[in-house]
Amino acid sequence: MTPAMACLEVETKIPDADSVEIQYQKGVIHLCDTGIKNVPNKYILPVYERPGEKKVDKCNIKLPVIDFAEMQGPNRSQVVKSLAKACEEFGFFQVTNHGIPHDILHELEDVVRRFFEMPFEERAKFMSTDMRAPVRYGTSFNQNKDGVFCWRDFLKLTCHPLSEVLPSWPSSPVDFRQAMLLYSKKTNMMFQTLMNAVLESLGLDSTTENDDEEDILKQCEEGSQLMVANCYPTCPEPDLTLGMPPHSDYGFLTLLLQGEAEGLQIQHKGKWLIVKPLANSFVVNVGDHLEIFSNGRYKSVLHRVLVNSKRTRISVASLHSLSFSTTVRPSPKLIDEKNPRLYKDTDFASFMEYVSSCEPKEKNFLESRKLTC
């Protein structure tokens, strides 16, 4: 063998590092389509972070259940008390009898699945490294900064103002926009009703004008909504990686349609516990902004996503907060001598600057917003 041939053989055996990285940037679905049998090193977590290391990680948790219909009936005061307890002790709860027809939810899950099943070239039209893009298809958690990638592809859609952003949403599948539009409106209405009850549970009257504090409910009505469709493909070695790492959500409330396949885990009393899917329900969690607004009374909670080797999991999250330009701060009505202010002012721009400058981990952003004693 001549030296030139030997060199050529070596080159064919050792892929260029940049070309391999580009393949990862195309997402997990594209990677799985190549027929991989093992999880690439790019996705393998350090041993101490792997989900399969402790048997306790497979235990379930029964979240508090909030009956949405009863919350709007004669038992409202009792339901609001249950809501307060759920926000204080768990940071998560499940909502039943929400009034969104099952066929709407089924159609949404179906059209999202069909979007992720489209050829890569179609999905790639919406790929962007700009985290502020109104429509963004991507992979992992923060692919610009993640050292180890997550086993997840996603599509993020900004929902406000709808008239401006709707034309930029994917038009394939043909029924995608209509299904997502209807779902965004339904979940936004649910969020408004839940926030009204949350304010009541905090002892705040959202209908009273106050010179020191604008009507927070009005700000929520005019606020931000971000829908995130997630795809977690089947994984050949699910105990080596995660669909999403431990994190908290930045907004006030997140409404999650998690489908029939389990995967969501929350950290409760130091243990990772699986949230079993409850048919025709939503999982709702407290976000960082609500923790700040409540001055720590309600806590955002770390959660993560497991993957599995048997079936692809689809979920759709709807994240709600104030407008991207509005400052979030602790409610003055929840601050006194016994309850001093615990958090700095913040806004979406601060959050974006933080996640763009480092690898986001757990609740680090919220920790950066706490006042030091």
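Excluded from the calculations below are hydrogen atoms, water molecules and symmetry mates; all remaining heavy atoms, backbone and side chain alike, are included. Remember, predicted model here, so these are calculated numbers, not experimental data.
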Where is the tightest heavy-atom contact between [X] and [Y], given as atom of each residue plus distance?
X	Y	value
Phe93	Leu194	CE1-CD2, 4.4 Å
Cys159	Ser184	SG-CB, 4.2 Å
Thr139	Tyr24	CG2-O, 3.7 Å

Checklist entry - salt bridge (charged side-chain N to carboxylate O under 4.0 Å, His left out): which pairs involve residues 32-44, sequence neighbours left out? => result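 Listed once each, the pairs are Glu21-Lys42.
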Give a yes or no answer on whether the side chain of [X] reaches the backbone of [Y] with a donor-acceptor pair at less than 3.5 Å.
X	Y	result
Thr234	Ser309	no
Glu49	Leu45	no
Asp336	Lys338	yes
Ser140	Cys150	yes

Checklist entry - How far apart are the C-alpha atoms of Ile216 and Leu322, what are their side-chain angles, what is the distance that settles it, and do they pass the side-chain contact (heavy atoms from CB on, under 4.5 Å) test? => result CA-CA 9 Å; Ile216 190 67; Leu322 308 185; 3.9 Å; yes
Checklist entry - With under 30° as parallel and over 60° as perpendicular, where do the rings of His289 and Tyr250 fit, or are they tilted in between? => result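 Perpendicular.
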Checklist entry - When the ring planes of Phe115 and Phe126 are compared, do they come out parallel, tilted or perpendicular, using 30° and 60° as the limits? => result tilted
So, do [X] and [Y] sit near enough that their side-chain heavy atoms are less than 4.5 Å apart?
X	Y	result
Leu204	Phe293	yes
Pro236	Asn38	no
Ile314	Cys231	yes
Thr346	Phe365	yes
Arg152	Val28	no
Leu155	Phe176	yes
Arg304	Leu302	no
Val328	Asp345	no

Taking only distance into account, with no hydrogens and no angle test, what donor-acceptor pairs under 3.5 Å do side-chain atoms of residues 166-175 form with protein atoms, sequence neighbours excluded?
unit_1, atom_1, unit_2, atom_2, d
Ser168, OG, Val165, O, 2.6
Trp169, NE1, Thr158, O, 3.2
Asp175, OD1, Arg114, NH1, 3.2
Asp175, OD1, Arg114, NH2, 3.4
Asp175, OD2, Arg114, NH2, 2.7

Next on the checklist: Could you walk me through whether Phe92 and His303 satisfy the ring-ring contact (aromatic ring centres under 6.0 Å, His included) test, starting with their C-alpha distance in whole Å, then the side-chain angles of each, then the deciding distance to 0.1 Å, before giving a yes or no?
Outcome noted: CA-CA 10 Å; Phe92 272 79; His303 50 289; 5.3 Å; yes
Checklist entry - Other hydrophobic cluster members with Val65, side-chain heavy atoms of Ile/Leu/Val/Met/Phe/Trp/Tyr under 4.5 Å, chained? => result Leu278
Distance (rounded to the nearest 0.5 Å) between [X] [atom1] and [Y] [atom2]:
X	Y	atom1	atom2	result
Ile61	His268	CD1	NE2	4.5 Å
Met227	Leu257	CE	CG	11.5 Å
Lys344	Ile292	NZ	CD1	10.5 Å
Gln258	Leu264	CD	CG	5.5 Å
Lys271	Gln265	NZ	CD	13.0 Å
Ser294	Leu199	OG	CG	10.5 Å

Next on the checklist: Between Leu202 and Ser331, does the side-chain contact (heavy atoms from CB on, under 4.5 Å) criterion hold? Intermediate values first, please.
Outcome noted: CA-CA 10 Å; Leu202 288 168; Ser331 169; over 6 Å; no
Item to check | Steps toward side-chain contact (heavy atoms from CB on, under 4.5 Å) verdict (Ser318, Phe282) | outcome: CA-CA 10 Å; Ser318 186; Phe282 282 84; over 6 Å; no
Item to check | Pairs touching residues 308-328 that satisfy ring-ring contact (aromatic ring centres under 6.0 Å, His included), sequence neighbours left out | outcome: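 Every ring-ring contact (aromatic ring centres under 6.0 Å, His included) pair that includes a residue of residues 308-328, provided the two are not neighbours, is Phe191-His320, Phe324-Phe348.
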Item to check | side-chain hydrogen bond (donor to acceptor under 3.5 Å, both in side chains) partners for Glu222, two or more places apart | outcome: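 Applying side-chain hydrogen bond (donor to acceptor under 3.5 Å, both in side chains) to Glu222 gives none.
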Establish whether [X] and [Y] are linked, either directly or via other cluster members, by ILVMFWY side-chain heavy-atom contacts under 4.5 Å.
X	Y	value
Leu108	Ile104	yes
Met189	Leu182	no
Leu162	Leu255	yes

Could I get the full list of side chain to side chain contact (heavy atoms under 4.5 Å, CB included) partners for [X], not counting sequence neighbours?
X	answer
Val307	Trp151, Tyr232, Cys235, Pro238, Thr241
Gln192	Asn188, Leu217, Cys220, Glu221
Ile335	Asn295, Pro330, Arg341
Asn41	Ile44

Do [X] and [Y] get their side chains close enough for a donor-acceptor pair, meaning under 3.5 Å?
X	Y	value
Gln23	Thr34	no
Glu291	Tyr343	yes
Asp347	Thr327	no

Show the atom names and distances, to 0.1 Å, of all donor-acceptor pairs under 3.5 Å that link a side chain in residues 74-83 to residues at least two apart or in another chain.
unit_1, atom_1, unit_2, atom_2, d
Arg76, NE, Glu200, OE1, 3.0
Arg76, NH1, Met71, O, 2.9
Arg76, NH2, Glu200, OE1, 2.9
Ser82, OG, Gln78, O, 3.2

Next on the checklist: Once side chain to side chain donor-acceptor pair (under 3.5 Å) is applied, what residue pairs with a partner in residues 115-127 remain, sequence neighbours excluded?
Outcome noted: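 Passing the test, one end in residues 115-127: Glu122-Lys125, Arg123-Tyr137.
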Item to check | Residue pairs fulfilling side chain to side chain donor-acceptor pair (under 3.5 Å) with at least one residue in residues 90-107, sequence neighbours excluded | outcome: Asp67-Asn97
Next on the checklist: Are more than 12 heavy atoms, taken from residues, nucleotides or ligands other than Glu260, located less than 6.0 Å from that residue's CD atom?
Outcome noted: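 No - once you tally the heavy atoms of other residues, nucleotides and ligands closer than 6.0 Å, there are 12 at most.
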Next on the checklist: Assess whether a salt bridge exists between Lys85 and Glu88, defined as any Lys/Arg side-chain N lying under 4.0 Å from an Asp/Glu carboxylate O.
Outcome noted: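 Salt bridge flag = no for Glu88 with Lys85.
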Item to check | Leu306 vs Trp272, side-chain contact (heavy atoms from CB on, under 4.5 Å): CA-CA, chis, key distance, verdict | outcome: CA-CA 11 Å; Leu306 305 181; Trp272 285 108; over 6 Å; no
